[in-house]
Structure formats: structure tokens, C-alpha cells
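Note sheet for the following structure.
All residue numbers in this chain count up from 1 along the given sequence. Whatever order the structure lists them in is the order used to number ligands and atoms, beginning at 1.
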Amino acid sequence: MNSDKPFVLDFDLLSGLCKSERVKPKYRYASDMRDQFLDKNAADMAIKAGNPLLYEFYGLDLPERDNVLQFGTTKIYPGKIGSEYYMTKGHFHTLLDTSEIYYCLRGHGIMMMETPEGDVDYREMLPGDAIYVPGRWAHRSINTGATPFVMFFVYRADAGHDYGTIEEKGFRRLVVEKNGKPVVTQNPKWL
Ligand code: PAN
Ligand code: ZN
């Protein structure tokens, strides 16, 4: 597509969906996320019981250049694997210094973040909240609510996604349900 001409896209506030064919969907099912969850038995059971869709995200087919901004939406469905809420895989940007902005459109969740040095931060996100994720901070979106958690995002199009580092041990903190409420706990793999 020609990225040098202005254009308008319409993202639905409830579903996060954009009807434009320029917006390419990506889907992640329980089977794509098995190793991200602490409770592998619960993950295997969910996969056997129908392999639910955990989240989908949509971005534009834009050139991955430093002068282009990529944008789109992420929609995480409500649910849990074991006691851990449905969440995104999470990543560092390959260009580690590149930042990102998320704006919550719908639902209720947490943005979990950490740096390579081990600084940890996490923020509750509600509709109307915008979060600035600075460069160097890995980020994962977690749906702690009972409805889809939908956020709009913008980042430098050449940022790239380093999933491998997070895949090794996960984030330093987990978000689990305890007595019906989300609680942030230490990931035992990091103890
Ligand atoms: C987002 C994420 C999206 C899905 O566009 O890519 O929320 O999360 P994962 O990529 O971790 O599966 C973003 O942060 N882009 O940089
Ligand atoms: Zn990102």
C-alpha cells in the first residue's frame, strides 16, 4: 500500500475490529501459547478441550521503516489457563530502545513490563487509559476482566519483535486469580 498518502481507518470501540483489508489479523490460540503459561497440564487440557483463541491483533501492512508508525488493535479474550489469565506472548522490541503507546478502548487488564536489567513495572488499564511503554521495557497485556480487553497501539514500524528472550523464562511476575481477584506473584522460574 502507499503509506505516503493520508488515510482514515475505523476501529470499532467494542470489538477492536477494523473492516479495512489493509488491516491484517493475527491469531494466537492456546496451542501457540502453551509454554508461556506456568501450568502446562492446564494448557494441555485447554488445547484438548477445543484449543481456544486467546487473543487476536491487527496491524497494517506498512513498510518497516524508522519513519513509519505501525498501529492497530489487540483484543484479548477473557479466561484463564490454570489460575493465570489469558495474556499476550509478550516481547522486547528488537530495536530495544523503541517505545510504544497503548490506549485502552474496552475491558480491564494489566500491562506487565520489565527491562533486561530486571526492573519490573505493571499498570492497570481501563477504558480511556493511555500507557507509554518506554524503550527497553518488554510488555505483555493481560486480561483480568470478564469481557474482551481491547487496546489500540502505536509503535515505530521497524521496532521488530524479540519473542525469544521472554519465551525462555517468561516475565518475572505472573498475574493469577486468587479468591476471585487478580494478584501479581513472583514467577518461580525467576527465583
Ligand atoms: C503489539 C503486540 C500485540 C500482540 O502490537 O504485538 O499486542 O502481542 P504479542 O506480539 O506479544 O503476541 C505490540 O506490542 N507491538 O510491538
Ligand atoms: Zn511491542
Side-chain angles (χ1 to χ4, degrees), residues 9 11-12 15-18 20 22-37 43 51-79 81 84-116 121-125 127 129-145 148-175 187:
L9 296 177
F11 287 90
D12 186 271
S15 66
L17 285 168
C18 174
S20 169
R22 295 172 168 185
V23 175
K24 307 287 178 209
K26 287 186 192 159
Y27 302 99
R28 293 225 213 275
Y29 293 85
S31 53
D32 301 311
M33 291 285 291
R34 179 189 180 272
D35 297 326
Q36 314 304 309
F37 289 99
N51 197 19
L53 177 64
L54 305 195
Y55 67 100
E56 46 197 276
F57 55 114
Y58 327 97
L60 284 159
D61 187 13
L62 288 168
E64 297 184 359
R65 294 199 311 249
D66 63 359
N67 58 351
V68 173
L69 292 174
Q70 176 61 279
F71 66 94
T73 48
T74 300
K75 178 182 194 179
I76 304 152
Y77 289 95
I81 300 281
E84 260 183 294
Y85 296 95
Y86 286 4
M87 61 192 183
T88 60
K89 216 165 204 219
H91 56 267
F92 287 96
H93 289 157
T94 312
L95 297 179
L96 192 58
D97 274 338
T98 53
S99 56
E100 183 156 354
I101 292 163
Y102 282 84
Y103 180 68
C104 180
L105 303 177
R106 181 191 180 191
H108 184 187
I110 289 176
M111 182 67 76
M112 178 60 67
M113 295 162 287
E114 69 179 44
T115 65
D121 202 340
Y122 49 89
R123 301 294 166 125
E124 196 175 3
M125 296 293 293
D129 290 338
I131 185 164
Y132 177 65
V133 181
R136 303 186 59 77
W137 288 82
H139 39 285
R140 160 179 285 168
S141 314
I142 304 165
N143 186 352
T144 54
F149 178 38
V150 181
M151 289 194 291
F152 184 84
F153 58 78
V154 187
Y155 62 92
R156 210 176 93 175
D158 63 341
H161 296 89
D162 163 19
Y163 292 107
T165 307
I166 294 297
E167 276 168 1
E168 279 175 34
K169 285 166 80 174
F171 280 69
R172 288 167 169 80
R173 301 284 185 281
L174 308 177
V175 181
N187 178 353

Could you list the atoms of ligand 1 found under 4.0 angstrom from a heavy atom of Gly90? 11 (O)
Within 45° cone and under 6.0 Å: Lys26 NZ/CZ vs Phe57 ring: no
Those atoms of ligand 1 less than 4.0 Å from some heavy atom in His139: 14 (O)
Please verify whether a non-hydrogen atom of Arg28 lies at under 4.0 Å from ligand 1. yes
Ligand-residue contact atoms, ligand 1 with Phe153, heavy atoms, under 4.0 Å: 5 (O)
So Tyr29 and Tyr27, would you call those rings parallel, tilted or perpendicular, with 30° and 60° as cut-offs? tilted
Determine whether the side chain, the backbone, both or neither of Gln70 has a heavy atom under 4.0 Å from any heavy atom of ligand 1. neither
Can you find an N or O of His91 that's nearer than 3.5 Å to an N or O of ligand 1? yes
Within a distance under 4.0 Å of any heavy atom of Lys89, pick out the atoms of ligand 1 and give their elements. 11 (O), 12 (O)
the protein heavy atom lying closest to atom 12 (O) of ligand 1 turns out to be Tyr55 OH, 2.5 Å
Taking a cutoff of less than 4.0 Å between a non-hydrogen atom of the residue and any ligand atom, is His93 in contact with ligand 1? yes
Aromatic ring proximity Phe152/Phe11, centre distance under 6.0 Å: yes
Given atoms OE1 of Glu100 and NE2 of His91, what angle do they subtend at the Zn ion (ligand 2), to the nearest 10 degrees? 170°
Angular separation of NE2 (His93) and NE2 (His139) seen from the Zn ion (ligand 2), to 10°: 100°
Can you tell me how far the OG atom of Ser31 sits from the CG atom of Asn51, to the nearest 0.5 Å? 3.5 Å
When distances are taken from atom 13 (C) of ligand 1, the protein heavy atom at minimum range is Glu100 OE2, 2.9 Å
Would you check if Thr73 and Lys75 make a side-chain contact, meaning some heavy-atom pair closer than 4.5 Å? no
First locate atom CE of Met111, then atom OG1 of Thr88, and finally report the distance between them rounded to the nearest 0.5 Å. 7.5 Å
My understanding is that only one of Gln36, Glu167, His161 makes a side-chain hydrogen bond (donor to acceptor under 3.5 Å, both in side chains) with Lys89; could you say which? Glu167
Side chain to side chain contact (heavy atoms under 4.5 Å, CB included) with Tyr58: which of Thr74, Leu17, Leu9? Leu17
For Ala159 and ligand 1, answer yes if some heavy atom of the residue is under 4.0 Å from a ligand atom, otherwise no. no
Atom 8 (O) of ligand 1 - nearest protein heavy atom and its distance: Thr88 CB, 3.5 Å
Taking only heavy atoms of Thr74, which atoms of ligand 1 are found under 4.0 Å from at least one of them? 3 (C), 7 (O)
What I'd like to find out is whether the side chain of Asn143 reaches to under 4.5 Å of the side chain of Tyr85, using heavy atoms alone. no
Do we get Arg106 above Tyr77's six-membered ring, with its NZ or CZ under 6.0 Å from the centre and within 45° of the axis? no
For His91 and His139, run side chain to side chain donor-acceptor pair (under 3.5 Å): C-alpha distance rounded to whole Å, both residues' side-chain angles, the deciding distance at 0.1 Å, then the answer. CA-CA 6 Å; His91 56 267; His139 39 285; 2.9 Å; yes
Taking 4.0 angstrom as the limit and counting only heavy atoms of Tyr163, give me the atoms of ligand 1 inside it, by number and element. 9 (P), 10 (O), 11 (O), 12 (O)
Would you check if the distance from the ring center of His108 to the ring center of Phe149 is below 6.0 Å? no
Nearest non-hydrogen contact to atom 14 (O) of ligand 1 from the set Tyr155, Phe92, Tyr102 belongs to Tyr102
If I take every N, O or S atom of His161, is at least one of them less than 2.8 Å from the Zn ion (ligand 2)? no
Counting only heavy atoms, which portion of His161 has something under 4.0 Å from ligand 1: side chain, backbone, both, or neither? side chain
